[in-house]
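Here, residue 1 is the first one in the sequence, and each next residue gets the next number.
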Amino acid sequence: MYKKFVAVWLCLNLVCPTLFAAEPFEDKSVSVEKSSSGNELETADISVKEETKEESKEESKEKKEEAKQVEYTVVSGDYLMSIASRYLGDESRWPEIVELNKDKYPSLTSNPDLIYPGWVLTLPSGSTAPSSGTVASSGGSNSSTSKVSYQGTESASLAAYTGGKLPPSEFISLFGPVARDSLKATGVPASVTLAQAILETGWGDCSIGDAKNLFGIKGTGPAGTTVVHTQECYNGTFVTIQDGFRKYNTWQESIDDHASLVSGWIYKPAWDAYQSNHDADAFARGIHQAGYATDPEYANKLINLMQSYNLYEWDQI
């Protein structure tokens, strides 16, 4: 009887081995199937399929996000805050623009307040800016938007000036007409422009080496950066530090950049107020309070110069 049982068992095992064989190890990576033609087909395990599917979703999402990004061509008078306000709906999102463009324009990291007409900026997804290649005009009603779109032509007398200290009458005669032309085009009071140029340069004695920087504006200019020692006031104490200042190709570039700066960004509220009240003294105090200079007496010094030399006459247009 035992021999018969063994014989039956062997026959069944040969005919259908899976009935008595131990459960094989389940390989989760790849299973092998046979097609109706007998060819072996590899099918990915479910977990692998799901992982690949998730990766595809992420790649698709990234591609969609990239597709949503648009490029914006900077025009005169633009600032990152104004661009973020107009096209992202929130001026506080300007750091996102810096992050997207810092590799292309490295100066954005240290000088986000300085961008140049012609730059092509990539804007985050969700932007309402025009498509790439379209130049949009600056402006709008937002409080941080500059309305300046002026680039003056340097006069022969200004081009001939090589720098250096001038008597007050000569300095004012040289720069007064230029400041007035800027006022006509930009709405920035000529009296303040002149007073700042006088105070920042000491009547032309120091325009930061060959930088032709009339207003002590820091950062990277059209011609680069000039690094010098400067005095700053922190917590009531003046200290000397080394800092970079904008460098310009011409005096006119310096004047144009100044007008663009103080008519927008953090200085826009002061500029807006001046368009209504034409109070140059208030404008001087406004840009000082906004952070133009650390000297606590900066606005008073400007107003003193404006009064002493009757710089207000250049505001008459």
Whether Tyr298 and Tyr292 hold their rings parallel, tilted or perpendicular, with breakpoints at 30° and 60°: parallel
Mutual orientation of the aromatic rings belonging to Phe171 and Phe175 [parallel < 30°, tilted 30-60°, perpendicular > 60°]: tilted
Ignoring hydrogens and geometry, is there a side-chain-to-backbone donor-acceptor pair from [X] to [Y] under 3.5 Å?
X: Ser173; Y: Ser169; answer: yes
X: Thr193; Y: Pro189; answer: yes
X: Ser182; Y: Val178; answer: no
X: Asn277; Y: Ala273; answer: yes
X: Arg246; Y: Lys218; answer: yes
X: Trp314; Y: Ile172; answer: no
X: Thr225; Y: Gly219; answer: yes

When you compare the side chains of [X] and [Y], does any donor N or O come within less than 3.5 Å of an acceptor on the partner?
X: Asp281; Y: Tyr312; value: yes
X: Asn304; Y: Gln307; value: no
X: Asp257; Y: Tyr248; value: yes

From [X] [atom1] over to [Y] [atom2], what is the distance, rounded to the nearest 0.5 angstrom?
X: Ile198; Y: Asp205; atom1: CD1; atom2: CG; result: 13.5 Å
X: Thr186; Y: Asp256; atom1: OG1; atom2: CG; result: 9.0 Å
X: Glu200; Y: Phe215; atom1: CD; atom2: CZ; result: 9.0 Å
X: Gln316; Y: Leu183; atom1: CD; atom2: CG; result: 9.5 Å
X: Ser92; Y: Met81; atom1: OG; atom2: CE; result: 8.0 Å

Applying side-chain contact (heavy atoms from CB on, under 4.5 Å), name anything that partners [X], two or more places apart in sequence or on another chain.
X: Thr122; value: Gln69, Glu71, Leu100, Asn101
X: Ser110; value: none
X: Thr250; value: Glu154, Gln252, Glu253

Should [X] and [Y] count as side-chain neighbours, where that means a heavy-atom distance under 4.5 Å?
X: Leu199; Y: Leu302; answer: yes
X: Val98; Y: Pro112; answer: yes
X: Leu174; Y: Leu158; answer: yes
X: Val262; Y: Val192; answer: no
X: Leu123; Y: Tyr72; answer: yes
X: Val120; Y: Lys104; answer: yes
X: Thr73; Y: Trp119; answer: no

[X] and [Y]: which non-hydrogen atoms are nearest, and at how many Å?
X: Ala293; Y: His288; answer: O-CD2, 3.5 Å
X: Ala211; Y: Thr226; answer: CB-OG1, 3.7 Å
X: Leu194; Y: Ala179; answer: CG-CB, 3.9 Å
X: Asn249; Y: Lys212; answer: O-NZ, 3.4 Å
X: Ala270; Y: Phe283; answer: O-CD1, 3.5 Å
X: Leu261; Y: Tyr267; answer: O-CD1, 3.3 Å

Test salt bridge (charged side-chain N to carboxylate O under 4.0 Å, His left out) applied to Asp210 - qualifying residues, sequence neighbours left out: Lys247
Residues that Arg285 engages under salt bridge (charged side-chain N to carboxylate O under 4.0 Å, His left out), provided they are two or more places apart: none
Pair Trp251 and Tyr161, ring centroids less than 6.0 Å apart: yes
Summary of salt bridge (charged side-chain N to carboxylate O under 4.0 Å, His left out) pairs that have at least one residue in residues 301-317, sequence neighbours excluded: Asp295-Lys301
Leu80, Ile83, Leu88 screened by side chain to side chain contact (heavy atoms under 4.5 Å, CB included) with Arg93, the one that passes: Leu88
Side chain to side chain contact (heavy atoms under 4.5 Å, CB included) evaluation trace for Ile287 with Gln196: CA-CA 11 Å; Ile287 62 173; Gln196 286 190 278; 3.7 Å; yes
Candidate pair Ser207 and Asn213, rule side chain to side chain contact (heavy atoms under 4.5 Å, CB included), full reasoning: CA-CA 5 Å; Ser207 53; Asn213 190 325; 5.5 Å; no
